[in-house]
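Chain letters run A, B, ... following the sequence lines, proteins first, then strands; residues in each count from 1.
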Protein chains: 2
Amino acid sequence: MPLEISTCNHLDISHVRSSCATCSLRELCLPVGLNEQEIQALGDVVSHKRKIQRGGSLYRTGSKFQSLFAIRRGFLKTCILEQDGRQQVTGFHMTGELLGLDAISTEIHTCDAIALEDSEVCEIPFEKLEEISRVIPSLMRHFHKIMSREIVRDHGVMLLLGSMKAEERLATFLLNLSRRFLMRGYSECNFNLRMTREEIGSYLGLKLETVSRAFSKLQDENIITVDNKHIQINDIARLRMKMGNTTCDT
Amino acid sequence: MPLEISTCNHLDISHVRSSCATCSLRELCLPVGLNEQEIQALGDVVSHKRKIQRGGSLYRTGSKFQSLFAIRRGFLKTCILEQDGRQQVTGFHMTGELLGLDAISTEIHTCDAIALEDSEVCEIPFEKLEEISRVIPSLMRHFHKIMSREIVRDHGVMLLLGSMKAEERLATFLLNLSRRFLMRGYSECNFNLRMTREEIGSYLGLKLETVSRAFSKLQDENIITVDNKHIQINDIARLRMKMGNTTCDT
DNA sequence: TATCAGCTTTGATTCAAATCAACCGGAGTA
DNA sequence: TACTCCGGTTGATTTGAATCAAAGCTGATA
């Protein structure tokens, strides 16, 4: 079922908030430079939407259905769960981002995607994506870019985990969130965290107490103001200093 | 210039050591399940081979030429180099593996690939790869799998860096190398490391002294025998125990 | 063969983060 | 209202890895 695109034609992604699926796709795809034809073609293959409640999972390790998911609304985390209970968050994903790129290799999802708040996603089966890409080859190239970007992002996280101190990690994390909020049209200096200290710690390779201490330290230095889940960045320049001279963007 | 494949038809990758480019591609591609037609098609687009001397670089951060590289012979490392001199090895790559998947997103290589010993690679320009994929769609699917596998691998490394102790990291690393050597037809319990302690440390998020100590500890426990760069695994089961109950495969 | 630079090992010390523990505060509920 | 659970903060202590330091080894080269 093709989705109408005539109803909205916002090209500025910062204003795209409607529930039109193609708009959501536009929001997704503009950053990678898709043109109207490509967006419309992609809209045609979006088979269905799914809602996930807070705490619910979009997919789990071992689930076989192969799809790419575009987040239309909400906030999710992906994580690896080990047999011994060790768990690691591999990423946080917000409205307008993509999910599920790990599933292609194994025919099976190797990590879980769990909603941190009520969310809604578009599901794009890989088969459909590949099918349409044969007609519109440029789409495939964009898809490659997205996958490649994920690899680069992961390398950034590896650098963070391998060589940064707790405070540097948190600064990097906050600046990354800030940038993503800004990109989606929200304030870059005022936002609410959707995840707990423990989840942040898991992502950054730290314990929750260490995360809490790092927050307190940044607040003591007047760089940020923390009120539980609410973060206000008072001095973004000094926060960048904390990050060190890294170009890494997680 | 098409490459002849009639001269060799080894299907058992463990014996493929010839300098025939298509053989090398076969070696590369069999693990992902390419058929003869696909291998031959890919052989046709391999534009040229490159030799890299020990210490030389295949590509550097900032170089713009976009290609996928298939290692025909040798051993390379990829690493991110930060402005402040911080450097992190993101992976080691041996004969029969692929390189260059990070370049697609940015139109530019974001990390360096440096030869740890004299090496030789096939260069496959992305454009050619995409071109041929339009004719043979299954090839594209394999390419996706390879990229996806890289993402999964990176997640494994993130788990390692985020939650493992020094000894667990080294055990995981050795078992991973072991498996890859086995896959290429070498001994899984007797091999030579191509990289220094410092490079291992950089990859595992440890200092070189810590790596050395971890080696010594495993030797003291009679799990491995270390003679400088030569490693012999005496008790692979106990080495696996050291790894912890992780399924992660770096 | 001697020399030298780079790599490796080992020991002593320091330090950052984990761990252990106590307490606080808000949301939900009996 | 009192209770409990959960998430967050803060303090004290422990611990694993980094750092500093010295010395041994190896392979390349003159």
Distances under 3.5 Å between protein N/O atoms and the N/O atoms of nucleotides 9-13 of chain D, please, pair by pair.
from: dT9(D); atom 1: OP1; to: R197(A); atom 2: NH2; distance (Å): 3.3
from: dT9(D); atom 1: OP2; to: R197(A); atom 2: NE; distance (Å): 2.8
from: dT9(D); atom 1: OP2; to: S212(A); atom 2: OG; distance (Å): 3.0
from: dT9(D); atom 1: O5'; to: S212(A); atom 2: OG; distance (Å): 3.3
from: dT10(D); atom 1: OP2; to: S216(A); atom 2: OG; distance (Å): 2.6
from: dG11(D); atom 1: N7; to: R213(A); atom 2: NH1; distance (Å): 2.9
from: dG11(D); atom 1: O6; to: R213(A); atom 2: NH2; distance (Å): 3.0
from: dA12(D); atom 1: N6; to: R213(A); atom 2: NH2; distance (Å): 3.4

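A donor-acceptor pair under 3.5 Å links the side-chain atoms of R184(B) to the main chain of G96(B), judged by distance alone.
In this structure, H93(A) NE2 and I114(A) CD1 are separated by 11.0 Å, a value rounded to the nearest 0.5 Å.
Atom CZ of R194(B) is separated from atom C1' of dC7(C) by 18 Å (rounded to the nearest Å). When rounded to the nearest whole Å, the span between CG of L206(A) and C1' of dT19(C) equals 14 Å. At whole-Å resolution of the value, NZ in K229(A) and C1' in dG8(D) are 9 Å apart. Remark: C1' of dG8(D) and CD of Q219(A) are 13 Å apart, rounded to the nearest angstrom. Taking atom CZ of R54(A) as the reference point, atom C1' of dC6(D) lies 11 Å away to the nearest angstrom. dA18(D) atom C1' lies 15 Å from atom CG of L204(B), rounded to whole Å.
A cation-pi arrangement is present between R197(A) and F215(A), with the terminal nitrogen or guanidinium carbon under 6.0 Å from the aromatic centre and inside a 45° cone about the axis.
Taking only side-chain nitrogens and oxygens, K165(A) never comes nearer than 4.0 Å to OP1 or OP2 of dA17(C).
Taking the six-membered ring where the residue is Trp, the centroids of F92(A) and Y203(A) are separated by under 6.0 Å.
Of the residues near DNA chain D, E167(B) and D227(B), the one whose nearest nucleotide (by heavy atom distance) lies more toward the 5' end is E167(B).
Residue G201(B) is out of contact with every strand shown, counting any heavy-atom pair closer than 4.0 Å.
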How is the base pairing of DNA chain C summarised as a dot-bracket string, given the Watson-Crick and G-U wobble criteria with both distances under 3.5 Å, [ ] for crossing and | for another strand?
||||||||||||||||||||||||||||||
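Below 30°, between 30° and 60°, or above 60°: for Y186(B) and F181(B) the angle between ring planes is above 60°, a perpendicular geometry.
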